[in-house]
Amino acid sequence: MVGDREWGLDELAAAYAYPEPGPGAPRPWLRANMVSTLDGAAQHDGRSQPISCTADMRVFGTLRALADVVVVGAETVRQEGYRPARARAEFAEARAAAGQGPAPAIAVVTASLDLDFSLPLFTSPLVPTLILTGAAAAADRVAAAEKAGARVVIAGDGGGVDPARTVRALAGLGHTRLLTEGGPRLLGLLIAADVLDEMCLTLSPMLTAGDAQRIAGGPSVAVPRRFELVSLLEEAGFLFGRYRRS
């Protein structure tokens, strides 16, 4: 908090601003936004909402408002009931000044394209939803995605999606301010591929026990990645840390 008041949206936007691009073509910057309980759970009953709070949702909305595209795994789309990103009037001027559209695109990472293309995420987004998949994706599922209005982007040679190629493909579409909201499997793959530049982590003052996933799963890295603390905010007992690769 700032004194005895909540963090305002302008203050959050300044605190979480993307790095200024250097000379030449802007380098893509991939940040993650995740929430974890004190005992390491990234979700409760399969969803992150029960361990979140109002302040966390303000940070969530701010990070989306700053991003060109939100990258998310297919399982998270199914579990969390993902909807299209909405335009936020309070960020409209800043997005226009940055050359961004009214809302970030949602980019779904999926090998199988096992998705319900009748959902609003595909039928009524402000910006067409992207599908990131491999070159061996089933032709009928690709056709179904495109018929629903999604744009299919090939980001892998076989049936899977390559994290580094995903970042390059999105940058090739003009998306350099990248945000991922997981889930844990996708975040683990991004970490293992060493393409994650920044971690925005909400530490929830809750304990859940059980066998919930951590914020990242999948393959381990040979040597732990070292990140450094950039900022730390607090509100209502929740800590909001921002870490960048060292």
Side-chain angles (χ1 to χ4, degrees), residues 1-9 11-18 29-67 70-82 109 163 178-246:
M1 300 183 71
V2 184
D4 59 352
R5 63 179 177 83
E6 297 177 340
W7 292 95
L9 293 179
E11 292 166 313
L12 289 175
Y16 286 98
Y18 279 86
W29 184 270
L30 175 61
R31 65 166 38 143
N33 181 36
M34 301 292 282
V35 58
S36 171
T37 64
L38 296 176
D39 54 346
Q43 52 193 220
H44 185 65
D45 287 338
R47 299 178 64 239
S48 59
Q49 187 277 331
I51 62 173
S52 182
C53 69
T54 301
D56 185 42
M57 295 312 297
R58 287 206 312 280
V59 172
F60 173 91
T62 299
L63 293 179
R64 280 196 164 196
L66 295 172
V70 179
V71 186
V72 63
E75 183 61 23
T76 297
V77 168
R78 291 188 287 264
Q79 291 281 347
E80 301 277 356
Y82 256 59
V109 176
L178 312 179
L179 169 67
T180 181
E181 296 169 351
R185 183 175 179 275
L186 174 61
L187 181 56
L189 292 173
L190 297 173
I191 292 170
D194 199 22
V195 295
L196 189 70
D197 298 296
E198 182 178 323
M199 170 66 72
C200 298
L201 179 65
T202 297
L203 186 62
S204 171
M206 300 181 189
L207 294 168
T208 64
D211 57 358
Q213 289 180 295
R214 298 161 49 201
I215 64 169
S220 63
V221 296
V223 178
R225 308 282 188 231
R226 180 64 184 263
F227 278 53
E228 59 187 23
L229 181 65
V230 177
S231 64
L232 186 65
L233 309 179
E234 183 275 339
E235 187 171 318
F238 286 73
L239 296 178
F240 304 90
R242 183 182 180 191
Y243 300 83
R244 288 185 186 173
R245 66 165 70 243
S246 297

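Taken to the nearest 0.5 Å, the OH atom of Tyr243 stands 10.5 Å off from the SG atom of Cys200. Here the CE-OG1 distance, from Met57 to Thr62, works out to 10.5 Å after rounding to the nearest 0.5 Å. Rounding to the nearest 0.5 Å places OG of Ser48 at 12.0 Å from CD1 of Ile215. Separation of atoms CZ (Arg58) and CG (Leu9) is listed at 7.0 Å; rounding is to 0.5 Å. How far CZ of Arg226 is from OG of Ser246: 5.5 Å, rounded to the nearest 0.5 Å. Distance CG/Leu190 to CZ/Arg185: 11.0 Å, rounded to 0.5 Å.
In this structure, Val70 and Thr180 have side chains that are not in contact, with every pair of non-hydrogen atoms separated by 4.5 Å or more.
Closest non-hydrogen pair, Val230 versus Arg244, comes out as CG2-CG, 3.6 Å. Leu179 and Ala67 get closest at one heavy-atom pair: CB-CB, 3.9 Å. In terms of heavy-atom proximity, Ala192 sits nearest to Pro219 at CB-CG, 3.8 Å. The nearest pair of heavy atoms linking His44 to Pro50 is O-CG, 3.8 Å.
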Exercise for the section: For side-chain contact (heavy atoms from CB on, under 4.5 Å), just list the numbers for Tyr18 and Leu66, CA-CA rounded to whole Å, side-chain angles, deciding distance to a tenth of an Å, and then say yes or no. Expected result: CA-CA 8 Å; Tyr18 279 86; Leu66 295 172; 3.8 Å; yes
Practice task
List the steps, then state whether side-chain contact (heavy atoms from CB on, under 4.5 Å) holds for Thr76 with Leu186.
Solution key: CA-CA 9 Å; Thr76 297; Leu186 174 61; over 6 Å; no
Problem - Residues Val72, Val109; criterion side-chain contact (heavy atoms from CB on, under 4.5 Å); working and verdict - result: CA-CA 6 Å; Val72 63; Val109 176; over 6 Å; no
Practice task
List the steps, then state whether side-chain contact (heavy atoms from CB on, under 4.5 Å) holds for Leu12 with Val59.
Solution key: CA-CA 7 Å; Leu12 289 175; Val59 172; 4.2 Å; yes
For residues 31-40, which side-chain N or O atoms pair as donor and acceptor with protein atoms under 3.5 Å away, sequence neighbours left out?
unit_1	atom_1	unit_2	atom_2	d
Arg31	NE	Glu198	OE2	3.1
Arg31	NH1	Tyr16	O	3.0
Arg31	NH2	Tyr16	O	2.7
Arg31	NH2	Glu198	OE2	3.0
Thr37	OG1	Asp39	N	3.4
Thr37	OG1	Asp39	OD1	2.5
Thr37	OG1	Gly40	N	3.4
Thr37	OG1	Ala41	N	2.9
Asp39	OD1	Thr208	N	3.3
Asp39	OD2	Thr208	N	3.0
Asp39	OD2	Ala209	N	2.7

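Applying the side chain to side chain contact (heavy atoms under 4.5 Å, CB included) rule to Arg245 yields the partners Asp194, Asp197, Phe227; only residues at least two apart in sequence or on another chain are considered. With sequence neighbours excluded, the residues that form a side chain to side chain donor-acceptor pair (under 3.5 Å) with Thr202 are Asp56.
Between the side chain of Glu234 and the main chain of Gly237, a donor-acceptor pair closer than 3.5 Å is present. Checked by atom type and distance alone, the side chain of Arg242 never pairs as donor or acceptor with a backbone atom of Leu233 at under 3.5 Å.
Of the listed residues (Arg47, Glu181, Glu75), just one forms a side chain to side chain contact (heavy atoms under 4.5 Å, CB included) with Glu80, and that residue is Arg47.
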